[in-house]
Colleague: 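Mind looking over this structure? Questions follow.
Numbered from 1 within each chain, the chains take letters A, B, ... in sequence-line order.
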Number of protein chains: 2
Amino acid sequence: MVTIRDIAKRAGVSVATVSRTLREPEAVRPAKRDAVNQAIEEMKYVPNAIAQQLRRPRHEAIIVIVPEIANPFFSEIVQSIENVAHELGYRVLIGETQGKQERLDYYAEMVTSRVADGLILLGSLLPSVVRATVKAGKPLPMPLVLACESYAGLNCPHVVIDNVAAAKLAVQHLIEVGRKKIATITGPMVNSLCADRLRGYHSAMVEAGLTPEAGWIVDGDFTIESGHVAMLRLLELESRPDAVFCANDEMAIGAQQAIHEKGLTIPGDIAIVGFDDLRFGAYASPPLTTIRQPTNELGETAMRMIDAMLHDKPLAEQSVVLAHQLIVRRSSGVQD
Amino acid sequence: MVTIRDIAKRAGVSVATVSRTLREPEAVRPAKRDAVNQAIEEMKYVPNAIAQQLRRPRHEAIIVIVPEIANPFFSEIVQSIENVAHELGYRVLIGETQGKQERLDYYAEMVTSRVADGLILLGSLLPSVVRATVKAGKPLPMPLVLACESYAGLNCPHVVIDNVAAAKLAVQHLIEVGRKKIATITGPMVNSLCADRLRGYHSAMVEAGLTPEAGWIVDGDFTIESGHVAMLRLLELESRPDAVFCANDEMAIGAQQAIHEKGLTIPGDIAIVGFDDLRFGAYASPPLTTIRQPTNELGETAMRMIDAMLHDKPLAEQSVVLAHQLIVRRSSGVQD
DNA sequence: CATATTTTTGTAAACGTTGCCAGAACCCAG
DNA sequence: CTGGGTTCTGGCAACGTTTACAAAAATATG
């Protein structure tokens, strides 16, 4: 490995001069600067980033934690984080937890052990260290931004949408197009956001004077398959619903499939609304009505927030709530 | 920040003993060991990974480069890489290029600058440094494994499927179910794998004594939208095809949509075959016949290969070709 | 041309670990 | 209790940078 010392020797200068040539070239006399650059060129020197990081207080690297990389909703957010990050001069390391606390802690430790400067958290899990400090009412143990979810009692910058209102909007839409027997397929209740969406569902129903019947609320786990299974269950009910609000698009797609299998039509027999606005939803059959979350803004805001934290810029908002949007497509159309 | 020295002082031992307690506990007398552990506990000491990495020759970290993280095909491979990596004790950093050479080079530099030990490359782009050494006929400038694609003239371990044979199989299937006017929607031709798939298409056609008419070969770019556009183009043709082989599932889904829009049926009027076996394909309408790539094995093999390279284990195979599989679903069914 | 001032350079001390090596402490046999 | 052999421990030199600080060189000033 060629080091800064080799370059110094070759160029006939001191290591400090080499370092300066790299860091602040204008501070070194052109003649020497050229000699150094030439040596670097000739010897193909690349500074050892690890050694640099040992000296420097900050590395301009962040970790983004995703429960599941294969989930398009998350990967779209990651994508927008990456874009802003590059613009701001950060490198982005992506970590996948697959719901495992152990893996999350592993990544969190990468920031306590100084491999990265901060963490953007996309799932519903919290690193153990963070959980501990929350309990103790202490400040955050590391620069952290939450996207998608927030936690009561955790004083941490976050960017979210109003899941209660969004779900409510979705269900109200179903009511407006004339549905009354509205069921819902929920996500895993460990996520507070799922509880919120369920709350929104209830709220819309109650306000419209509708009472969800027993069996109209079915648990899913955000996968296509679980939506499929849940829908089959709903279809067997005595009082079959005429509409279903699904807590995400993947489950909605699974539900659609189940409805088709039973020879029923969408939206004729059953209307469907999803959540997330996956790009596959627009191409489902029929195209899926859904709530659009602003994945771009979500990612961008999260990235700018962590950047602000890391550079002690004042944070405009501790808590940013972005606007959601109802996208009406054929799956909730008028009965045809 | 609490360092190893603080722990040493608190526990009344030398730094070496602290380090040993962490690295090889059995080599230190239980009494001291306990004192050290207690100090670590009390002071909440976490070793500085950067400093460790400066001393250690290897970091057990790899970078996986993906063109696009939001593409489920890639993210499934990444997922399986992650799983094996954790098992083998590696940390995985994911980098997204979005087709930009500049970003790719940036990540490649993370391995020359010792942030990571090696690279797994999922796209069709090569880092500039690698390209340079290939031209010069030199050995690889860094531990590198290619997944999905291989390059003529680049002597680098890779794991792929036989895209020519797979595409051929897909088209042969269409021929077997009685189609004759078979079109294809290709991916971006910068990817050698797209050229391969087109070759497979041609080969199957020729062998069956069929000649693709002008206009039956349309370019796409792997997105749903491009599949949609391409299909619309095909539907306007004088001699409308009665089957389409799409170079990936996303484009196939877009194509299906276009067919529905024009009031035609699948597979009645037009049969469709995709490629990749995305999970959304199974829930398309109708469910999509496709070529399954073994994403799990792809990822796992790539990871094991890079591990072998990094630990100088002999590589069983420089080039691994995995088996593909035709998954027949309704989109290519018998005319109904 | 000497002196004061500014710019450029080099020396050496960090950064937080690990691991070699030598010395200290321990154990057992005689 | 001594000596020899183990086992543990501590001191210290790396690892490859960056950066104070001081020294040297260049430039400006009288």
Colleague: How close or far is atom C1' of D:dC15 from atom CG of A:Leu54, stated in whole angstroms?
Modeller: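 Checked: the CG to C1' distance equals 9 Å.
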Colleague: Quick one: does A:Arg29 reach the base of D:dA26 with a side-chain donor-acceptor pair under 3.5 Å?
Modeller: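 Side chain to base: no pair present.
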Colleague: Tell me if the centroids of the rings in B:His59 and B:Tyr90 come within less than 6.0 Å of each other.
Modeller: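 Distance test on ring centres: not under 6.0 Å, no.
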Colleague: In whole Å, what is the span from the CD atom of A:Gln53 to the C1' atom of D:dC15?
Modeller: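 Between C1' of D:dC15 and CD of A:Gln53: 14 Å.
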Colleague: In Å, rounded to the nearest 0.5 Å, how long is the span from CD of A:Glu76 to CD1 of A:Ile81?
Modeller: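 With rounding to 0.5 Å, CD (A:Glu76) is 12.5 Å from CD1 (A:Ile81).
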Colleague: Using the side chain to side chain donor-acceptor pair (under 3.5 Å) rule, take A:Glu68 and A:Gln98 through it: C-alpha gap first, then chi angles, then the decisive distance, then the call.
Modeller: CA-CA 5 Å; A:Glu68 216 199 331; A:Gln98 300 196 335; over 6 Å; no
Colleague: Identify, between A:Ala27 and B:Arg55, the residue whose nearest nucleotide on DNA chain C lies closer to the 5' end.
Modeller: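 Mapping each residue to its closest nucleotide by heavy atoms, the 5'-most match is A:Ala27.
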Colleague: Would the base of C:dG10 count as contacting A:Arg20 through its side chain, where contact means a donor and an acceptor less than 3.5 Å apart?
Modeller: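 Side chain to base: pair found, below 3.5 Å.
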Colleague: At under 4.0 Å, does any side-chain N or O of B:Ser19 touch on OP1 or OP2 of C:dT18?
Modeller: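 For C:dT18, OP1/OP2 do have a side-chain N/O of B:Ser19 under 4.0 Å.
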Colleague: Rounded to whole angstrom units, what separation is found between the CD atom of B:Glu24 and the P atom of D:dC8?
Modeller: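 Computing the B:Glu24:CD to D:dC8:P distance gives 11 Å.
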Colleague: Give the minimum heavy-atom separation between A:Asp105 and A:Ser128, together with the two atoms involved.
Modeller: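 Heavy atoms only, the tightest pair is OD2-OG, 2.6 Å.
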Colleague: Could you state the atom-to-atom distance from CE of B:Met1 to C1' of C:dC15 in whole Å?
Modeller: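 Roughly 10 Å, once rounded to whole Å.
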Colleague: Can you tell me how far P of C:dT11 sits from NZ of A:Lys9, to the nearest Å?
Modeller: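 These atoms are roughly 13 Å apart.
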Colleague: May I ask you to verify if any side-chain N or O of B:Gln52 is less than 4.0 angstrom from the OP1 or OP2 atom of C:dT18?
Modeller: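 The answer is yes; a side-chain N or O of B:Gln52 sits under 4.0 Å from OP1 or OP2.
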Colleague: Let me know, please, whether B:Arg5 or A:Val46 comes out on the 5' side of the other along DNA chain D by nearest nucleotide.
Modeller: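 Looking at DNA chain D, the more 5' nearest nucleotide goes with B:Arg5.
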Colleague: Under 3.5 Å, side chain of A:Asp117 to main-chain N/O of A:Ala61, donor-acceptor pair present?
Modeller: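 Pair found, side chain donor or acceptor close to backbone of A:Ala61.
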Colleague: Side chain of B:Val13: nearest nucleotide among D:dG10, C:dA13, C:dT17?
Modeller: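 From the listed options, D:dG10 comes nearest.
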Colleague: For the pair made of CZ in A:Arg56 and P in D:dG16, what is the distance, rounded to whole Å?
Modeller: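 Answer to the nearest Å: 17 Å.
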Colleague: Considering only C:dT9, D:dT17, C:dG16, which nucleotide approaches the side chain of A:Asn48 most closely?
Modeller: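 Out of C:dT9, D:dT17, C:dG16, the nucleotide with an atom closest to A:Asn48's side chain is D:dT17.
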Colleague: Heavy atoms from C-beta onward define the side chain here; which of C:dG10, D:dC12, D:dT17 lies closest to that of B:Val15?
Modeller: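 Among the listed nucleotides, the one closest to the side chain of B:Val15 is D:dC12.
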Colleague: Closer than 4.0 Å, any side-chain N/O of B:Thr3 to the OP1 or OP2 of C:dG16?
Modeller: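 Checking C:dG16 against B:Thr3, no side-chain N or O comes under 4.0 Å of OP1 or OP2.
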Colleague: Once you round it to whole Å, what is the distance between P of D:dG16 and CD1 of A:Ile50?
Modeller: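 One finds 12 Å between P of D:dG16 and CD1 of A:Ile50, rounded.
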Colleague: Would you mind reading off the distance between B:Ile7 atom CD1 and C:dT18 atom C1', rounded to a whole angstrom?
Modeller: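 After rounding, the reported distance stands at 16 Å.
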Colleague: From the options C:dT17, C:dT11, C:dG16, select the nucleotide whose nearest atom is closest to the side chain of A:Ala16.
Modeller: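 Side chain of A:Ala16 sits closest to C:dT11.
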Colleague: Using the side-chain heavy atoms of B:Arg23, tell me which of these nucleotides is nearest: C:dG16, C:dT18, C:dT9.
Modeller: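 Nearest to the side chain of B:Arg23 among the choices is C:dT18.
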